[in-house]
Peer 1: 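Let me give you the structure first, and then I'll get to my questions.
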Amino acid sequence: TQLLEQSPQFLSIQEGENLTVYCNSSSVFSSLQWYRQEPGEGPVLLVTVVTGGEVKKLKRLTFQFGDARKDSSLHITAAQPGDTGLYLCAGGEASGSRLTFGEGTQLTVNP
Amino acid sequence: DAGVTQSPTHLIKTRGQHVTLRCSPISGHKSVSWYQQVLGQGPQFIFQYYEKEERGRGNFPDRFSARQFPNYSSELNVNALLLGDSALYLCASSLVPGVNYGYTFGSGTRLTVV
């Protein structure tokens, strides 16, 4: 069974601070996706990374896929209250039929 | 364009009852996946359907079943409900199977079993 561990589980910071969320596994994934979920809503896809060592930037968000395709990180620069939400990493299998999700990091950015 | 539509949005059922959840994918999307998200956890894969065929099944008991219709909409059925089935049930659609394409999730159906 493939598992993804996210850390930290909870993160509360002040507006303007930087943060990094980690997603680790002992298994290799064909792709790694990051989602953001708000209360009462489904997860919204932020990025998909497929190549080991790949780095993608989305405005103030930087995503990295580990060289061995077992881990990933999400870095947010100058966090804003609108960044508040549950951040989920999800690993994709080569067969393409399923995503394995981590348990999520609940981020709160205080004004 | 409409996103992924799920119905109902909320549902309360009694232990032992049966429930049917419905999902309409984005127009043009032929693959639908179902996930269960228990409070405080990440979503867990239940089923994936593509072109009306089951393409994958997660580690869920036989009480869980699903099907996809010719218009690519889908139903998730759960029989003999248990308290532990209380969760947010999410439907995700994609053009074709393949996680590299990314999934679009609906807002989910919140099922409470009492």
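In what follows, every chain begins at residue 1, and chains take the letters A, B, ... in the order their sequences are listed. What you are looking at is a predicted structure, and each value in this text was computed from that prediction instead of being measured.
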Peer 1: Heavy-atom count around A:Glu5 CD within 6.0 Å, excluding the residue itself: above 12?
Peer 2: no
Peer 1: Would you say the ring centers of B:Phe45 and A:Phe101 fall short of 6.0 Å from each other?
Peer 2: no
Peer 1: Would you say NZ of A:Lys57 has more than 12 non-hydrogen atoms from neighbouring residues, nucleotides or ligands within 6.0 angstrom?
Peer 2: no
Peer 1: If hydrophobic clusters are built by linking Ile, Leu, Val, Met, Phe, Trp and Tyr wherever their side-chain heavy atoms come under 4.5 Å apart, do A:Val49 and A:Val21 end up in the same one?
Peer 2: yes
Peer 1: Near B:Leu83 CG, under 6.0 Å, is it more than 12 heavy atoms from other residues, nucleotides or ligands?
Peer 2: yes
Peer 1: Please classify the contact between B:Arg57 and chain A as side chain, backbone, both or neither, with a heavy-atom cut-off of under 4.5 Å.
Peer 2: backbone
Peer 1: Decide if atom CZ of A:Arg60 counts as having more than 12 heavy atoms of other residues, nucleotides or ligands within a radius under 6.0 Å.
Peer 2: yes
Peer 1: Is there a side-chain contact between A:Leu86 and B:Gln37 (heavy atoms, below 4.5 Å)?
Peer 2: yes
Peer 1: Let me check something: do B:Val32 and B:Phe60 share a hydrophobic cluster, defined by ILVMFWY side-chain heavy atoms less than 4.5 Å apart, either directly or through other members?
Peer 2: yes
Peer 1: Please report the shortest heavy-atom distance between A:Gln37 and B:Leu90, naming the atom on each side.
Peer 2: NE2-CD1, 4.4 Å
Peer 1: Look at atom OH of A:Tyr22 and say whether more than 12 heavy atoms of other residues, nucleotides or ligands are closer to it than 6.0 Å.
Peer 2: no
Peer 1: So how far is it from B:Asn59 CG to A:Arg98 CZ, rounded to the nearest 0.5 Å?
Peer 2: 8.5 Å
Peer 1: For A:Leu58, does the CG atom sit with more than 12 other heavy atoms under 6.0 Å from it, leaving out its own atoms?
Peer 2: yes
Peer 1: Ring centroids only, cut at 6.0 angstrom: are B:Tyr103 and A:Tyr35 within range, meaning strictly under it?
Peer 2: no
Peer 1: Let me know if B:Ile46 has heavy atoms under 4.5 Å from chain A in its side chain, its backbone, both or neither.
Peer 2: neither
Peer 1: Do A:Leu88 and B:Pro43 have side chains that get closer than 4.5 Å, going by heavy atoms?
Peer 2: yes
Peer 1: I'd like to check B:Phe105 versus A:Leu45 (side-chain heavy atoms, cut-off strictly below 4.5 Å). Are they in contact?
Peer 2: no
Peer 1: Considering only heavy atoms, which portion of A:Gln106 lies under 4.5 Å from any heavy atom of chain B: side chain, backbone, both, or neither?
Peer 2: neither
Peer 1: Nearest 0.5 Å, please: how far is CD in A:Glu103 from CD in B:Gln44?
Peer 2: 8.5 Å
